[in-house]
Amino acid sequence: MTTFDAGGITLHKVREHVWEIPPEGGMRVPARVFASERLLEEIAEDKTLQQLKNATHLPGIEKYAICMPDGHQGYGFPVGGVAGIDAENGCISPGSIGYDINCGVRMLKTNLEYDDVRGREEQLVDALFEAIPTGLGGGGIVEGDRGTVEAALESGVEWCLEEGYAVESDLAHCEDEGRRPDADPAAVSDKAKDRGRNQMGSLGSGNHFLEVQRVTDVFDERIADAYGLEAGQVVVLIHCGSRGLGHQVCNDYLREIEQAHGGLLSQLPDKELAAAPAGSQLAEAYYGAMCAAINFAWVNRQLITHRTRTVFEDVFGASWRDLEMELLYDVAHNIAKKETHAVDSGEKELYVHRKGATRAFPSGRKEVPEAYRDVGQPVIIPGSMGAGSYVLCGGAESLDVSFGSTAHGAGRLMSRTRAKNEYWGEDVQEDLRDREVYVKAQSGATIAEEAPGVYKNVDEVVRVSDELGIGDKVVRVTPICNIKG
DNA sequence: ATGTTC
């Protein structure tokens with residue numbers, strides 16, 4: 001049997017791209033890493049594998065804890081981690097969802113071709129940067145009072161539709177039609193709501209961005225056609241989350257759960273995994289608040305969509321409908337959802353925790369929107385600024401292998417601190433410009449932190465997903481211009 | 001990720 005020694009943690013190769021850490025000590029189930037050897041070597045360099053082992057201690061965890069090929073260490077639970085946990089007898093763990101609740105990505109289509117944009121990249125990137133709030137702190141497309149935030153928390157993209165920031169087809173092409181029915185705005189603190197008041201429609205900072213791209217490779221003509229994508233087409237990728245509001249929700253409930261459920265916490269190897277037992281008041285309240293924050297993030301991406309359409313109308317002198325700027329899909333990367341999955345004991349309702357992982361349901365699942373139900377849901381995987389991104393299709397194996405999930409991006413290779421030591425923002429910006437990628441950001445430090453070299457190879461991440469059959473390659477896109485925080 | 005330090 002092939003093994004991989006990661007400094008005290010031994011992984012056994014189950015089959016191509018599947019590595020297992022067998023249970024020991026308090027591990028309730030094995031841990032599995034889905035990676036090529038090259039990616040596994042990168043994953044083994046930080047605390048990811050130890051964090052993955054720790055996650056297997058969570059009560060009610062089914063099958064195995066998963067690390068995706070883009071995995072790296074996070075708060076308590078790895079980014080790129082998936083855990084399916086019994087929703088009746090298990091628990092829910094905010095750190096296994098992430099601070100940025102419903103950080104996610106959506107793709108807007110256009111009928112423009114690369115030639116329509118060439119020579120106008122700077123005009124376009126300047127107009128986008130001018131129109132769309134970026135960076136840390138306040139300033140949104142919509143500024144409201146607490147009631148405005150509550151409406152967004154309750155209704156998600158439906159609120160945008162009522163307010164004229166969305167059309168019906170936007171709802172039809174969003175995960176959950178842009179509204180989580182389990183949202184409970186009353187479970188979100190006033191402090192969190194107030195942080196959201198002036199952040200509705202803002203990109204934020206870090207790895208968040210808006211990027212104009214062109215389709216450069218088509219791997220599956222049939223599915224690309226079903227998605228309305230073709231070679232040469234210009235598309236827009238919007239990557240952001242729930243800003244300070246989601247962060248506050250996570251923080252509020254972590255503190256409350258640590259206080260109220262110290263007994264459970266004492267059984268866990270890492271305080272950062274703090275979890276509320278399924279059925280407890282705090283589990284219900286956190287789930288309701290998290291679902292509300294999910295809605296908030298969808299509103300955020302929808303408002304940015306609305307503004308992006310306006311910018312394209314100005315720059316290209318045609319209405320967004322004539323430019324056919326339809327939403328392809330919107331996927332969440334940091335989320336837990338009640339879903340039914342097959343486990344040893346039969347069909348069971350689980351809290352599927354996906355932290356830096358994407359739902360990747362194949363054809364047939366009822367959650368896949370009608371437009372894509374025959375082929376499977378689109379999965380959008382952003383790479384780094386220079387590297388390009390992918391659209392995949394939910395794979396036939398995903399339900400058996402990964403609770404219907406795949407990777408979410410390239411995954412960091414090094415910390416932000418180390419990135420700033422190794423790169424200088426202006427230099428990175430110039431290098432990208434030499435490759436005809438126009439980047440505009442609030443902060444040079446952010447460009448350094450997000451330099452292409454601080455990320456794993458997205459092509460390799462996607463190759464593993466495709467070869468495992470959990471998310472299948474459809475098209476690859478290449479960046480044209482990018483705005484960041 | 002984040003009013004970038006609970």
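Protein chains get the first letters and strands the later ones, always in sequence-line order, with residue 1 at the start of each.
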Please state how far atom CG in A/D252 lies from atom C1' in B/dC6, giving the value in whole angstrom units. 13 Å
How long is the line joining NZ of A/K191 and P of B/dC6, in whole Å? 10 Å
Decide side-chain contact (heavy atoms from CB on, under 4.5 Å) for A/L245 and A/M200; before the verdict, give the C-alpha distance in whole Å, the side-chain angles of both, and the deciding distance to 0.1 Å. CA-CA 10 Å; A/L245 182 142; A/M200 292 172 68; over 6 Å; no
Rounded to whole angstrom units, what separation is found between the OH atom of A/Y99 and the P atom of B/dC6? 9 Å
List the atom pairs, with distances to 0.1 Å, where a side-chain N or O of residues 274-285 of chain A and a protein N or O form a donor-acceptor pair under 3.5 Å, not counting sequence neighbours.
| unit_1 | atom_1 | unit_2 | atom_2 | d |
| --- | --- | --- | --- | --- |
| A/S280 | OG | A/P277 | O | 2.7 |
| A/S280 | OG | A/A283 | N | 3.2 |

Using 30° and 60° as the class limits, which term best fits the ring planes of A/H239 and A/H333: parallel, tilted or perpendicular? perpendicular
So what does A/G241 touch, heavy atoms closer than 4.0 Å: a base, only the sugar-phosphate, or nothing? nothing
For B/dT4, take OP1 and OP2 only and decide whether either is under 4.0 Å from a side-chain N or O of A/R416. no
Side chains of A/N102 and A/R180: any donor to acceptor distance under 3.5 Å? no
NZ of A/K484 versus P of B/dT2: gap in Å, rounded? 11 Å
Heavy atoms under 4.0 Å, any strand shown: does A/G98 hit a base, just sugar-phosphate, or nothing? nothing
Describe the nucleic acid contact of A/S205 in one word from base, sugar-phosphate, nothing, applying a heavy-atom distance below 4.0 Å. sugar-phosphate
NA contact type, A/Q199, heavy-atom cut-off 4.0 Å: base, sugar-phosphate, or nothing? sugar-phosphate
Under 4.0 Å, counting only non-hydrogen atoms across every strand here, what does A/E450 touch: a base, just sugar-phosphate, or nothing? sugar-phosphate
When rounded to whole Å, the CG to P distance for the pair A/L245 and B/dT2 reads 12 Å
Nearest-angstrom distance from the residue atom CG of A/L203 to C1' of B/dT2: 15 Å
Rounded to whole angstrom units, what separation is found between the CD atom of A/Q442 and the P atom of B/dT4? 16 Å
To the nearest Å, give me how far apart CG (A/L136) and C1' (B/dT2) are. 7 Å
Just distance, no hydrogens or angles: give the donor-acceptor pairs under 3.5 Å from side chains in residues 66-83 of chain A, sequence neighbours left out.
| unit_1 | atom_1 | unit_2 | atom_2 | d |
| --- | --- | --- | --- | --- |
| A/D70 | OD2 | A/H408 | N | 2.9 |
| A/D70 | OD2 | A/H408 | ND1 | 2.6 |
| A/D70 | OD2 | A/G409 | N | 3.0 |
| A/Q73 | OE1 | A/K47 | N | 2.9 |

